[in-house]
Engineer: 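Handing you this structure, nothing more for now.
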Amino acid sequence: MLEFAEAKYTDRTTLFVEVILPLAIAINYTYRVPLELNDQVAIGKRVVVQFGKSKLYTAIIARITDRAPEKYEAKYIIELLDDVPVVNREQLQFWTWMADYYLCNIGEVMNAALPSALKLASETKITLNKEFEFDRSELNDREYLIVDALDLQPELTVSDIAKLLGQKTVMPILKQLFEKNIIIISEEVSDRYKPRRKTYISINPVYHNSAQLQELFEILERRAPKQADAVLAYMKLSRQQKAVLKSELIEASGAGAAAIKGLIDKEIFFAEERTVSRLREGDEELEANFELSPAQQVALGEIKTQFEQKDVVLLHGVTSSGKTQLYIKQIEEMVNSGRQVLYLLPEIALTTHIVERLRKYFGAAIGVYHSRFNDNERVEVWQKVLNGQYRVVLGARSSIFLPFDDLGLIVVDEEHETSYKQFDPAPRYNARDAAIYMGNMYNSKVLLGSATPSFESYYNAKGGKYGFVELMERYGGVQLPATDVVSITEETKKKTIQSHFTSVLMQDIGNALTAKEQVILFQNRRGYAPVMVCRTCAYTPKCVNCDVSLTYHKSSGRLHCHYCGYREESPAVCPACGSTQLEYKGFGTEKIEDELQLLLPDSKIARMDLDTTRSKNAFQNILNELEEKRIDVLVGTQMVAKGLDFDGVTVIGIINADSLLKYPDFRANERAFQMLAQVSGRAGRRGKQGKVVIQTYDPGNRVLKQVIENDYIDLYNTEMPERKSYKYPPFYRLININIKHKEAEVLHNQAEYLAKELRQHFGDRVIGPEYPMVGRIRNYFIKSILLKFEKDGVSLPKVRATLREVILNYNTTKLSKGSIVQPDVDPY
DNA sequence: AGCACGCCGACT
DNA sequence: GTCGGCGTGCTC
């Protein structure tokens, strides 16, 4: 076999190419190269091929050979699309690794990697780019025909256009039209990324003149006193601060939105929308030409020293310690040495704001890549990385697929974030782990950063596999919130607890509300009550699929399964014994909201959980309301913990920390630590110390203590105390025996459930947290695997081989969604 | 991923 | 007797 790059063919040699098709197919297919394309075919270029009866696909050349396939006649390549390869060798290696590691087909990786505009297929939709003006007289006949047809019918497929033109080779024409920005190659109906915008108010410069202003006042006071108030408030605010927010003005003047709108309509005020950051640490942190604090300088020095020995360094820096500045220093250094940098951020943290900041340092050499960018934009970034215009790329997880050729550094910010993990279509990769493989492949350094590192990274760092640097001092002297741990047991004894709220918490809520500040209450359970029990016979309604108790939702009056979505009417009498004595046990966000409203009838209480944020903009709407201070108390699940910043929130209450701490598995402890640290980090901002109230039945809990002391769990040595409810051993044994996570990765919770079933054969040699899942799929796997065991016996390598086989042979698209996944301890 | 083929239940 | 459910296999 010959590789094209190494061989020179005469014109007569018939060449064949093995191509990657963007489909879930196990192997690459071979096509015949027309003689005239002999000198042009190259690995990484795109070709159009027919696959199956009538379908055309864009495929990528993975291999070139001069040997004809023996068992079949290869079809010809229809077209060659590129002059220069769009995918380089490193990427192909990366794809191969990913397909192998995450147990999927390379075509699926290709699908995830390439922007869809680079892989048009015969069913791909073509539309006109409405935002782009162009001169039709410059179009050639065929182009004109296409544009004309799109005027009549706004959406055509590639095969429609082939019919229209009466020819098969339409891709080059479409490619040209795409490059001229005339058409859009779609699937682009998805939501575009919207930066957060705020409205700023300024006054018409005419009124900078005090005589004019005086006159205005006189008119307004007579005709529209509310508007006069607003102008007065504006004058006052604008003296204190550079820019005046509309929301601030409404609050300060008490004039209401209508009055301000009136003023805008009369052109007395001007309104301007500006993009603002969603990041917690932004404004004060990334000033141009910042100086590193002594602690930061030490950390930076350590990072450099560690990089001499290790390829991966974990930077553990507390919130607001200024990790970003360290990244910038590292990035600058790498860019100066001429190599490329990839800066990975979790989805939520990607804002135009941070890009603007980074542009100050890196100018036009910085690109942004984001799954919610439209395809034209994505292709543009792809091309600019390919031709070397971008030296730094800032992006979400999918940016690991960009065509880097000389990557020197990968920064993975907030390394513990679960949004690095792709769940839904294969490849179900974790961008952090994939970045480490990439780092290895490109011989580049990887800097992982987090305030609450994931266990596996911490483990790898402590075990010496990664370098480890700590930065435990806050930058700019931001104050830590004060934390109170309140014993629920004690308050119950003293009868000072009202419903689920201790006197300490009520006191702090009261103080905050009096001071017109806001409160967030955290309760890690949605619904009204997680269990319904019959008092007479102890019957509990369970999900028919998942065998977990159903949660009562007051808003729907029904019982819900939180794993599979199954619902049923809440029974009025016990289905088992007919008793009417049915009791709700435990409490969720709905109940907290309800009962707090009874205690604070005049306050505006809102709830944020999966149930209230299901509709499209609900999440954002709640955040906006909170920001505009239309909510006094927000009750929420873990959603409230995610990196958003609210100046008005000074009190955080954790209703029951035990619901986070009591679980016997290590993964839950990790989540608990992160959750508590993140939630409590929300309290208090600029100049005002926050307050965190943690309610618990177990004030001596170890994890809790470590959160309060900001002492990261030494997970390596953490052994869970014995409890009779423990079914499975603690985490460290998982590392030893693990049904190697590679296999499990693909199946998510399915594999975890499997682990539970496998325990029946292997006892506690098989470890993994259990998460119930939908019956049909479970049964499929359990059945196939157990049947194999009967035949083959039960040695561990066999289990692994079996798992692999079953997983690969099952069409994973048919699986229902997973809930939780365990990242790999060893991503190599 | 599509698409054809094929084997069992409920229908004009 | 046929329509149509989706399980299985194949596509260079």
Side-chain angles (χ1 to χ4, degrees), chain A residues 1-4 13-35 37-38 41 43 45-81 92 95-96 98-99 102-125 157-160 162-163 168-169 171 185-187 422 424-428 746 774-784 787 805-816:
Chain A
M1 302 278 176
L2 292 161
E3 288 235 331
F4 180 70
T13 319
T14 301
L15 295 184
F16 295 88
V17 287
E18 286 175 21
V19 299
I20 303 168
L21 285 156
L23 299 171
I25 295 178
I27 56 163
N28 289 342
Y29 282 71
T30 307
Y31 286 84
R32 184 171 173 160
V33 180
L35 281 180
L37 290 179
N38 265 12
V41 286
I43 290 171
K45 286 189 183 177
R46 291 173 303 152
V47 290
V48 176
V49 293
Q50 186 179 16
F51 185 71
K53 256 195 137 74
S54 60
K55 286 277 173 291
L56 299 183
Y57 290 98
T58 304
I60 299 253
I61 301 177
R63 215 157 149 269
I64 300 171
T65 165
D66 59 358
R67 190 175 302 178
E70 286 159 17
K71 301 220 166 95
Y72 54 88
E73 184 89 350
K75 282 185 184 159
Y76 274 103
I77 289 174
I78 294 176
E79 295 165 45
L80 182 71
L81 290 177
L92 289 177
W95 291 6
T96 311
M98 186 172 272
Y102 290 105
L103 289 168
C104 66
N105 305 109
I106 197 162
E108 292 172 294
V109 180
M110 170 181 171
N111 255 336
L114 282 189
S116 50
L118 289 180
K119 48 173 196 223
L120 34 167
S122 45
E123 295 311 309
T124 308
K125 303 268 193 302
T157 65
V158 174
S159 49
D160 291 339
K163 259 183 246 157
K168 238 181 173 181
T169 55
M171 300 301 189
I185 295 168
S186 60
E187 269 115 300
Q422 160 129 338
D424 212 2
R428 295 173 172 80
V746 177
V774 182
R776 195 183 112 240
I777 300 149
R778 180 193 68 193
N779 293 341
Y780 176 86
F781 284 107
I782 304 309
K783 208 171 79 189
S784 11
L787 278 176
E805 197 181 315
V806 173
I807 291 163
L808 280 176
N809 287 334
Y810 192 73
N811 182 352
T812 50
T813 57
K814 288 180 195 159
L815 300 179
S816 69

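Chain letters run A, B, ... following the sequence lines, proteins first and then strands; every chain starts at 1.
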Engineer: From CD1 of I20(A) over to P of dA1(B), roughly how many Å is that when rounded to an integer?
Structural biologist: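 I20(A) atom CD1 is separated from dA1(B) atom P by 17 Å.
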Engineer: Who are the side-chain contact (heavy atoms from CB on, under 4.5 Å) partners of P22(A), not counting sequence neighbours?
Structural biologist: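 Here the qualifying residues are Y57(A), M110(A), N111(A).
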Engineer: What verdict does the side chain to side chain contact (heavy atoms under 4.5 Å, CB included) test give for V47(A) and Y31(A), after you've listed the backbone C-alpha separation in whole Å, the side-chain angles of each residue and the deciding distance to 0.1 Å?
Structural biologist: CA-CA 10 Å; V47(A) 290; Y31(A) 286 84; over 6 Å; no
Engineer: What residues form a side-chain contact (heavy atoms from CB on, under 4.5 Å) with A113(A), not counting sequence neighbours?
Structural biologist: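 A113(A) satisfies side-chain contact (heavy atoms from CB on, under 4.5 Å) with W95(A), F401(A) only.
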Engineer: Are any protein N/O atoms closer than 3.5 Å to N/O atoms in nucleotides 9-12 of chain C? If there are, list each pair with its distance.
Structural biologist:
unit_1: dC12(C); atom_1: OP1; unit_2: G52(A); atom_2: N; d: 3.4
unit_1: dC12(C); atom_1: OP2; unit_2: K75(A); atom_2: NZ; d: 2.3
unit_1: dC12(C); atom_1: O3'; unit_2: T30(A); atom_2: O; d: 2.9
unit_1: dC12(C); atom_1: O3'; unit_2: K75(A); atom_2: N; d: 2.7
unit_1: dC12(C); atom_1: O2; unit_2: T30(A); atom_2: N; d: 2.9
unit_1: dC12(C); atom_1: O2; unit_2: Y72(A); atom_2: OH; d: 2.5
unit_1: dC12(C); atom_1: N3; unit_2: Y72(A); atom_2: OH; d: 3.3

Engineer: Is I60(A) close to L114(A) at the side-chain level, that is, under 4.5 Å between some pair of heavy atoms?
Structural biologist: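 Yes; the side chains approach each other to less than 4.5 Å.
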Engineer: What residues, two or more places apart in sequence or in another chain, satisfy ring-ring contact (aromatic ring centres under 6.0 Å, His included) together with F51(A)?
Structural biologist: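 By the ring-ring contact (aromatic ring centres under 6.0 Å, His included) rule, F51(A) matches Y29(A).
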